[in-house]
Amino acid sequence: MLKLLGTDWKYTGGVGTAKVVKIVNNMMSMGNVLVAAEAFALGVAAGVEPDKLYDVLSVSGGRSHHFTKRFPNAIKGDFSPGFKMELGEKDLALAVELGRTTRMPTPSASATRELYALALAEGYRGQDIVSLLAMYQNWAKPAQSGG
């Protein structure tokens, strides 16, 4: 049955380990998108054309799966959900809770979750996680206009 659903399967260990792998993978993914959105918005605010910035970053060391998959749509202003902002925030909350239950601090995940929660509060609910870029671009507007 599993072979019908996919081709690349990994055994993670005992019961519950696959759930942990999913949580920490999504923790990494949400962090990657957040840093990429912040960096991309900074590059644009500093005067680099979005398409040119994407062309270079998409083949540079900081790229990620989500950057090359989601940012072309974001550059066009398309934030249609592939993975909704609220799901990203929920997964980060699960990672922070996993850290609490294992007594391991997760300061990066905690800060990332707070920024996703901020994006939700600022009206990005129902949009793709890459709409973080729009949030950062909105924050950059006062700086770009000299304010």
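Between Y54 and F67, the ring center distance clears the sub-6.0 Å criterion.
F71 and V33 get closest at one heavy-atom pair: CZ-O, 4.4 Å. Contact record, Y136 with E38: OH-OE1, 2.7 Å, taken as the closest heavy-atom pair. Heavy atoms only, all atoms of each residue included: S58 and T68 are closest at O-CG2, 3.9 Å.
Neither W139 nor V35 shares a network with the other; the hydrophobic side chains, linked directly or stepwise wherever heavy atoms of I, L, V, M, F, W or Y lie under 4.5 Å apart, form separate groups for each. Neither L98 nor M30 shares a network with the other; the hydrophobic side chains, linked directly or stepwise wherever heavy atoms of I, L, V, M, F, W or Y lie under 4.5 Å apart, form separate groups for each. Linking Ile, Leu, Val, Met, Phe, Trp and Tyr residues whenever their side-chain heavy atoms come within less than 4.5 Å places L120 and L115 in a single cluster. With hydrophobic clusters built from ILVMFWY side chains whose heavy atoms lie under 4.5 angstrom apart, F83 does not share a cluster with V21.
Partner of P50 under the side chain to side chain contact (heavy atoms under 4.5 Å, CB included) criterion, chosen from L133, V44, D55: V44.
The backbone N or O of T106 sits less than 3.5 Å from a side-chain atom of S110, completing a donor-acceptor pair.
Using a cutoff of 4.0 Å between basic side-chain nitrogens and carboxylate oxygens, D128 and K84 are not scored as salt-bridged.
Rounding to the nearest 0.5 Å gives a distance of 10.5 Å between CD of E86 and NZ of K90.
Side-chain contact check for N25 and K22: no donor-acceptor pair (N or O, by modelled atom type) lies under 3.5 Å.
For T112, the side chain to side chain contact (heavy atoms under 4.5 Å, CB included) partners are L34, L92, Y116, not counting sequence neighbours.
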Check against side-chain contact (heavy atoms from CB on, under 4.5 Å), F79 and N73: CA-CA 7 Å; F79 302 108; N73 290 337; over 6 Å; no
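Around the CD atom of E49, the shell of radius 6.0 Å holds no more than 12 heavy atoms that belong to other residues, nucleotides or ligands.
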